[in-house]
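Okay, structure first, notes after.
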Amino acid sequence: GRGGRAEGNLTAHGATAQVTVSLTVTGTVAGHFLSSDGSEPIPNAEVRLQQATTGRLLGSTTTSSQADDPGYFELGHVPAGPVLVTAIDPLTGRIGESSGEIESEGQVLNLEIRQLGAGKVSGVVTSGGVPIAGASVDITSTTGLFSSVANLKATATAAEGGVFSFDGIPVGSFTLTAKSSSLTGSFISAIEEDGQEVTDIDVALQPSGTVYGTTYRSDGTTLVPGADMTLRTGRSTSRTHTSADGKYRLEYVPVGAVTVRANESGGADAGIAEGMLTEGQELEIDVIFNGTGTVEGFAIDSDGAPLSSGYFVDHPELSNPLVRLTTPSPFARSLTTALAGDGSFRFLFVPVGPFTLSLSVTGTPLHGAALGTIASDGETVSNDVQLAESGSVMGRVLRPDGTTPAANAIVTITGSGFSFTDLTDGGGDFHVSGIPLVGFSVRIEDPFTLGLATASGTITANGETVDVGE
């Protein structure tokens, strides 16, 4: 049923508080469950209604079996918000879903649910072109529907001649994996429409082995349970998790060069190890985490002043200072942070090894860069990053009579990779800071007289001011 909530406050013993409780907006979800081509209604199907964003079950029913309106369903008192409706055919187990949103009181949301189509997958398991009877064949399908119930996993055994077949595979992608002794092979394809048959598949088996090992923290002794393990060899990828004692095991791994990566579940640390797997071999590859540390420091201008909040009050043309930290492969990270009020920054869980800091500030082409290294797990490295050296350009603009100051003239200073625009003050003066140590050009436009003037120069030292004159 409908409900509502309100808050109030009792100020004293025996007091009475008056509150108004408004019932939530509700509506009705109704519709039909039909075959994949929409031609046949499906009676007696289970229908489940869920809140689309949380998955919370809001209600369930079955489709009508009445001759006058088979396949119909209706669910009332549905709270406002996005909903997901799932229906399952009681005879075939095939599923369908549809979604919509209740937006207003009393709304009737009509949804048509069509049964997801299905097809047939068949083929043969071979090794070196020879059919392999008795091979185990697994199929995993992924439909793309919100409900994971629609996905399918099934297993078959290759018959004489290595043949296998799967019926009722839902529309969507599927992966076949075949195994026999120390051989394994896979095949990926898709069912694109209802009734389609994907046949003549050749799952060619290749030599394989087993990879197992233990995952440790950077100290080499502390075990890492629940780590996410990814094993790659050639074009094959396998995944698993370490057990409570930090161990993992993957069978039917194609032979060749093997790379095993362990990632901390819910954390930032990781480790990588490699090996070479031969046919039938059980290869032990232990993984030791790389370790992480902390990088902290201050962002400073070319004169060494911290880029604190007060700095930007004094330099209103500048804003949004950002520090970016990057680390190289195989533990590549890219992190960006804003500065604290005192101009400091801090990065946590940075992989042990070299890192690069870069500094950018809106309003200036100047950047800063710094290099550093975290040597061991848990280490905190202090490393400041400084804006590149710069100088200033100043001058005075006069009208054609040579004596009248040109107030509000437009001054544009350009150079390699930068452009600044400023206005002269009432005395015709301008002063632009933050110019890189390179050559520059000045262009002046007087909107009052339409006069033009140019100048040029070079800043050669940090803090230098170049006066281009009048």
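For D200, the CG atom sits in a loose shell: 12 or fewer heavy atoms of surrounding residues, nucleotides or ligands are nearer than 6.0 Å. Atom CZ of R232 sits in a sparse spot, with 12 or fewer heavy atoms from other residues, nucleotides or ligands closer than 6.0 Å. Within a 6.0 Å sphere centred on CZ of R217, other residues, nucleotides and ligands contribute more than 12 heavy atoms.
Here the CG atom belonging to L250 is positioned 5.5 Å from the CG atom belonging to L231, to the nearest 0.5 angstrom. Once rounded to the nearest 0.5 Å, the distance linking OG1 of T240 with CD of E251 reads 10.5 Å. To the nearest 0.5 Å, the span separating CG on L49 from CG on L75 amounts to 5.5 Å. Between the CD1 atom in I188 and the OG1 atom in T142 there is a gap of 10.0 Å [rounded to 0.5 Å]. For the atom pair CG of L322 and CG of L307, the computed distance is 11.5 Å after rounding to the nearest 0.5 Å. Distance check, rounded to the nearest 0.5 Å: CG of N44 to CD1 of I88 gives 14.0 Å.
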Working for salt bridge (Lys or Arg N to Asp or Glu O under 4.0 Å), residues E296 and R346: CA-CA 4 Å; E296 60 185 17; R346 183 180 176 89; 2.5 Å; yes

Side chain to side chain contact (heavy atoms under 4.5 Å, CB included) for I95 and L145? Distances and angles first, verdict last. CA-CA 10 Å; I95 195 171; L145 297 185; 4.0 Å; yes

Apply side chain to side chain contact (heavy atoms under 4.5 Å, CB included) to V29 and V85, showing your working. CA-CA 9 Å; V29 177; V85 184; 3.8 Å; yes

Applying salt bridge (Lys or Arg N to Asp or Glu O under 4.0 Å) to R94 and D194, what does each step give before you reach the verdict? CA-CA 12 Å; R94 292 166 65 178; D194 187 46; 2.9 Å; yes

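Of all the heavy atoms in V124 and F164, the pair that sits closest is N-CE2, 3.4 Å. Closest heavy-atom contact between D286 and G213: OD1-CA, 3.5 Å. Residues Y248 and V211 share a closest heavy-atom pair of OH-CG1, 3.7 Å. Scanning all heavy atoms of the two residues, the minimum distance from S181 to Y252 falls at O-CE2, 3.0 Å.
Using modelled atom types and a 3.5 Å distance limit, the side chains of Q51 and T53 yield a donor-acceptor pair. In summary, the side chains of S334 and R324 do present a donor paired with an acceptor at a separation below 3.5 Å, with no hydrogens or angles considered. Looking only at atom types and distance, the side chain of T184 has no donor-acceptor partner in the side chain of K179 under 3.5 Å away. Neither side chain, S308 nor D342, offers a donor N or O lying under 3.5 Å from an acceptor on the other. Side chains of D301 and H315: a donor-acceptor N/O pair is absent below 3.5 angstrom, by distance only. Between the side chains of T126 and D202, at least one donor N or O sits under 3.5 Å from an acceptor N or O.
No donor-acceptor pair under 3.5 Å is formed between the side chain of N290 and the backbone N or O of G271. E264 contributes a side-chain N or O that, together with a main-chain N or O of D269, makes up a donor-acceptor pair within less than 3.5 Å. A donor-acceptor contact shorter than 3.5 Å is absent between the side chain of T63 and the backbone of F73. Using a distance-only test at 3.5 Å, with no hydrogens or angles considered, no donor-acceptor pair links the side chain of S141 to the main chain of F174. Listed for the D377 side chain is a donor-acceptor partner under 3.5 Å among the backbone atoms of T292. A donor-acceptor pair is defined here as one N or O able to donate and one able to accept, closer than 3.5 Å; such a pair exists between the side chain of Q50 and the backbone of G55.
Using a cut-off of 4.0 Å between Lys/Arg side-chain N and Asp/Glu carboxylate O, R249 and E282 are scored as salt-bridged.
Using a 4.5 Å cut-off on side-chain heavy atoms (C-beta onward), V78 and T26 make no contact.
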